[in-house]
Every structure is written in structure tokens, then in C-alpha cells.
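The structure appears below as C-alpha cells.
Keep in mind that the numbers below use all heavy atoms, side chains included, and drop hydrogens, waters and symmetry copies. First the proteins, then the strands, lettered A, B, ... as listed; each starts at 1. Everything numeric here is computed off the predicted structure, so don't read it as measured data.
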Amino acid sequence: NAGVTQTPKFQVLKTGQSMTLQCAQDMNHNSMYWYRQDPGMGLRLIYYSASEGTTDKGEVPNGYNVSRLNKREFSLRLESAAPSQTSVYFCASRGRGLHEQYFGPGTRLTVT
Amino acid sequence: AQSVTQLDSQVPVFEEAPVELRCNYSSSVSVYLFWYVQYPNQGLQLLLKYLSGSTLVKGINGFEAEFNKSQTSFHLRKPSVHISDTAEYFCAVTWANQAGTALIFGKGTTLSVSS
């Protein structure tokens, strides 16, 4: 039982490049989330998926898109990376009837 | 709108001393409250949660927190800290009785334990 996994762990992009961050969970959870963590800012919600087939914007969605590929997988795409998107990205999931979220190990992204 | 304020950005403490990390929230509806810990270069791990019932909740690693509705606070405490408790701690809140909603996080408190 791996919990929540994220790939890659580290990534360096040039401004304007695109990439997709992958997230998968093996806990049969319904809800999945993408957050970004910046120093002194805590975690801020980018997008979430309350259930398979639905996605909604969070607090900071600009510059990102998401896909809930199936119940297990929730990807985050940067179409044209900007230096302001340099951050640590965390994926999380939550099961039906639960209120806490379970987090992946994070992806550290640097955009130069 | 909900918000979470962690009143101290950094808390330095000596080993075996007690510690309190303070968290206040604002919400006009019932909430669930959480504390998470993040060790260096790792993801977030749930320390404890308050959903309902007893206002004193116990978590992992000897931590506990008290929910105070009148003060809208959820402070985290440990009677005797270890070097290994050095980490960043996040308080978070979510609306009760709403499926799929995300957590609102405070900005974090860095706990530094020295010998």
C-alpha cells in the first residue's frame, strides 16, 4: 500500500516549457487535490476533484490545468511555465466519510 | 470565508521543554480542525484532528490539541519535546458536512528543538 505517489520528485523547466505532474493513490479515495507550497505562504489549493469525473478551481488556478484520469489518478499540467510557478507541489486524497487528507511526498519544480 | 492564523512563524525551544503552537481560525459555520507535521523534504503527515466530541484530542508522537469554540482556537501542545520534533507544523480547517471541500491551511510554524 503505497498511499499517494507523485512523479517526478524534482524538475527544472525553462520559461515557456510545458509539463505534467502525475499523482496516483491506491486507497480507493474519491477526492483528490493539488496544492502548492511556497515559503511563508503555507499550502494553497490549485485544483481539486471531489469525485471521478469532476474538477473544480481552488484558490490559485491560473496557469494550470488538471485531469482526473480515473479514480486513482489526478494530473496537473503547466502549459507554459513561468518563474512564478517555482514551488513545491503536493497531491492529496481523501476518502468518503473521512475528513483528513493524505499527502504525497511532493514535486519540487524550478522554472528558470 | 474561512481563514487560519498561526500566531508564531518560528518557535525555538530546548529539548525536554514544553511547547505550545498557537492556531486561531475564523468561520461562521461548524468546522473540522487538523494539525499536520512536515519534516524536511517530506510530505505532510496528520498529527491529530478534531471533528466533534471531547475538546481535547490526542495525536501521534505525544502531541495533543484543545479545541476552544469561544476563543476560535486549536492550539497544539507537547509537554516535553525531542530533537526529532524539529519540523514545520500546519494548522488546517475545513467546513463540516460538506463533501469534497479542501483544507484551508495556516502559513505554518517552524519548531526548532535544540539541545
Minimal non-hydrogen separation, B:Gln38 against A:Phe90, with atom names: NE2-CZ, 3.3 Å
Please classify the contact between B:Gln6 and chain A as side chain, backbone, both or neither, with a heavy-atom cut-off of under 4.5 Å. neither
Short question: side chain of A:Tyr33, backbone of B:Leu103 - any donor-acceptor pair under 3.5 Å? no
Between B:Tyr25 and B:Tyr32, is there shared hydrophobic-cluster membership here, with clusters defined by ILVMFWY side-chain heavy atoms closer than 4.5 Å? no
Counting C-beta onward and ignoring hydrogens, is there a side-chain heavy-atom pair between A:Arg44 and B:Phe105 closer than 4.5 Å? no
Evaluate whether atom CZ of A:Arg96 has more than 12 neighbouring non-hydrogen atoms of other residues, nucleotides or ligands under 6.0 angstrom away. no
Count the heavy atoms of every other residue, nucleotide or ligand shown that sit under 6.0 Å from CZ of B:Phe14, and state whether that count exceeds 12. no
Heavy-atom contacts under 4.5 Å, residues 103-112 of chain A to chain B: A:Phe103, A:Gly104, A:Pro105, A:Arg108
Assigning hydrophobic clusters by single linkage (Ile, Leu, Val, Met, Phe, Trp, Tyr; side-chain heavy-atom cutoff under 4.5 Å), is A:Met32 placed with A:Tyr48? no
Applying a strict under-4.5 Å side-chain criterion to I, L, V, M, F, W and Y, I'd like to know whether B:Tyr39 and B:Leu48 cluster together. yes
Check for a donor-acceptor pair, side chain of A:Tyr102 on one end and backbone N or O of B:Leu46 on the other, with a separation under 3.5 Å. no
Side chain to side chain contact (heavy atoms under 4.5 Å, CB included) between B:Phe34 and A:Gln101, worked out: CA-CA 10 Å; B:Phe34 307 84; A:Gln101 295 179 17; over 6 Å; no
Could you check whether atom CD of B:Glu16 has more than 12 heavy atoms from other residues, nucleotides or ligands sitting under 6.0 Å from it? no
For B:Glu88, is it the side chain, the backbone, both or neither that has a heavy atom under 4.5 Å from a heavy atom of chain A? side chain
Cluster check B:Val93, B:Leu21: I/L/V/M/F/W/Y, side chain < 4.5 angstrom: yes
Which region of A:Glu59, side chain (C-beta onward) or backbone (N, CA, C, O), has a non-hydrogen atom less than 4.5 Å from a non-hydrogen atom of chain B, or is it both or neither? neither
Hey, could you give me the NZ/CG distance between B:Lys107 and A:Asp38, rounded to the nearest 0.5 Å? 11.0 Å
Treat each ILVMFWY residue as a node, draw an edge where side-chain heavy atoms are under 4.5 Å apart, and state whether B:Tyr89 and B:Ile60 are in one component. yes
Beyond-backbone contact of B:Leu44 with A:Leu43, side-chain heavy atoms, under 4.5 angstrom: yes
Testing the basics here: between B:Phe90 and A:Gln37, what is the closest heavy-atom pair and its distance to 0.1 Å? CZ-NE2, 3.2 Å
Can you find a pair of side-chain heavy atoms, one from B:Trp95 and one from A:His99, that are under 4.5 Å apart? no
